[in-house]
Amino acid sequence: MKNILGISVLNVVSTVPQIIISTTVSSTVTTANTGHNVEDRGDLNFDVFKDDPRNYVLNPKAVGAATKKVSKAVEQAVRDNKLTVTLGGDHSISIGTIHGHARAEPNLCLLWIDAHADINTPLTTPSGNIHGTPLSFLVNQLKDTIPWAALPSFDWLQPCLNITDIAFVGLRDLDPGERYILQKFNITSFSIHEVDRFGIHEVIARSLEAVNPKGDRPIHMSFDIDSVDPAATGATGTPVPGGLTFREGMFIAEHVYRTGLLSALDLVEVNPEVGSRQDKVNTVMTAVEVLTACLGKKREGNLLPGYQLP
Ligand SMILES: N[C@@H](CC/C=C/[B-](O)(O)O)C(=O)O
Ligand SMILES: [Mn+2]
Ligand SMILES: [Mn+2]
Ligand SMILES: [Mn+2]
């Protein structure tokens, strides 16, 4: 069981074109009355430089360098036996968070909560945006589909996931290459259709049953805020209608917390640079509520340690 008394919050701040700025919610976690002491390890800053023109993907040098830095920071935080929270920022940072987490916890399993599968390879991506490809860099079974020689800025990266370690929840916008990969490898995935059909409890329970049947593996949850419906998360880069309700997002967070196995959390794609003022307020509020629920805040209320009636 992870020591959840210390949480390292790495705010991934960067102006690299497609890695966007982070939100700082660490102070909120300490006021969530969950008894955590939060260690904020500050922002990771990256050099911004003119990157090569698109070479399969956009900004390969900047994102390669940034994710290498993220990997080292997360690995260290996990080795310090902290439940490590990384706030983003573009979902490309999960190349680093999952790689770093796996270096310290090779037996991790992964819950990918997202409207998108983010498993395009550099050869299938329609946009070249690396935030749609992170998983392809990490999965052993896709290793031979990556043009590694053309992407030297990722030469530090070793695939560290088995396709069977992953469960998707919230999918509703996949590209052809992604659909093919999910089908070919029979990856555990629950789109919004299955959420509507089975209900969110059944979906998250089946996801955990698939990737962590004995309940003995550290969990990495990569929570893309665009998994939740744009009505509550308008300030994000790739909104897709018909998402998880706020309540379903919260249920996932509370349910995963109760496993006691959450070891690292990414909360990504919060982008306060897009959307209306209300969108920004809603999105950050949703991110904060999901984050604090992942760390133990309960909608039923929290019994404070030692609380006595006056
Ligand atoms: N599948 C699209 C959209 C990717 C979305 C990435 B996100 O989930 O991190 O927002 C692409 O590859 O360009
Ligand atoms: Mn993005
Ligand atoms: Mn994503
Ligand atoms: Mn997404």
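We count ligands from 1, going down the list as the structure has it; atoms in each ligand are counted the same way. Positions are given from 1, in the same order as the sequence printed here. Being a predicted model, the structure only gives us computed values, none of them experimental.
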Handout entry: Contact check: Asp173 vs ligand 1, nitrogen or oxygen atoms, below 3.5 angstrom
Key = no
Handout entry: Geometric N/O contact Thr125 with ligand 1, under 3.5 angstrom
Key = no
Practice task
Could you tell me which residues satisfy salt bridge (Lys or Arg N to Asp or Glu O under 4.0 Å) with Lys61, sequence neighbours excluded, listed by chain and number?
Solution key: Asp52
Residue [X] vicinity, atoms of ligand 1 by number, heavy atom under 4.0 Å:
{"X": "His91", "value": "9 (O)"}
{"X": "Gly132", "value": "4 (C), 12 (O)"}
{"X": "Asp114", "value": "8 (O)"}
{"X": "Asn120", "value": "1 (N), 12 (O)"}
{"X": "Asp224", "value": "7 (B), 8 (O), 9 (O), 10 (O)"}

Exercise for the section: Using the rule that two of Ile, Leu, Val, Met, Phe, Trp, Tyr join whenever any of their side-chain heavy atoms come within less than 4.5 Å, decide whether Leu151 and Trp156 are in one cluster. Expected result: yes
Indicate whether the side chain of [X] and that of [Y] have a donor and an acceptor atom separated by less than 3.5 Å.
{"X": "Asn212", "Y": "Arg217", "result": "no"}
{"X": "Thr164", "Y": "Asn162", "result": "no"}
{"X": "Glu194", "Y": "Ser191", "result": "yes"}
{"X": "His116", "Y": "Asp226", "result": "yes"}
{"X": "Thr86", "Y": "Thr97", "result": "no"}
{"X": "Ser227", "Y": "Asp114", "result": "no"}
{"X": "Thr125", "Y": "Asn120", "result": "no"}

Problem - Minimum non-hydrogen distance to atom 13 (O) of ligand 1, winning option of Ala115, Ser127, Ser94 - result: Ser127
Among all protein heavy atoms in this structure, tell me which lies nearest to [atom], with the distance rounded to 0.1 Å.
{"atom": "atom 10 (O) of ligand 1", "result": "Thr238 OG1, 2.8 Å"}
{"atom": "atom 2 (C) of ligand 1", "result": "Asp175 OD2, 3.5 Å"}
{"atom": "atom 3 (C) of ligand 1", "result": "His116 CD2, 3.9 Å"}

Completion exercise
Atoms of type N, O or S from protein under 2.8 Å of the Mn ion (ligand 3), total 4
Exercise for the section: Could you tell me if the ring centre of Phe137 sits under 6.0 Å from that of Phe154? Expected result: yes
Problem - Validation row, ring centre Trp112 to ring centre His220 under 6.0 Å - result: no
Exercise for the section: Measure Leu174 to ligand 1 on non-hydrogen atoms and call it side chain, backbone, both or neither using the 4.0 Å cut-off. Expected result: neither
Practice task
Would you mind telling me if ligand 1 is within reach of the side chain of Asn129, the backbone, both or neither, using heavy atoms under 4.0 Å?
Solution key: neither
Practice task
May I ask you to check if Arg206 and Phe198 form a cation-pi contact, with NZ or CZ under 6.0 angstrom from the six-membered ring centre and within 45° of the axis?
Solution key: yes
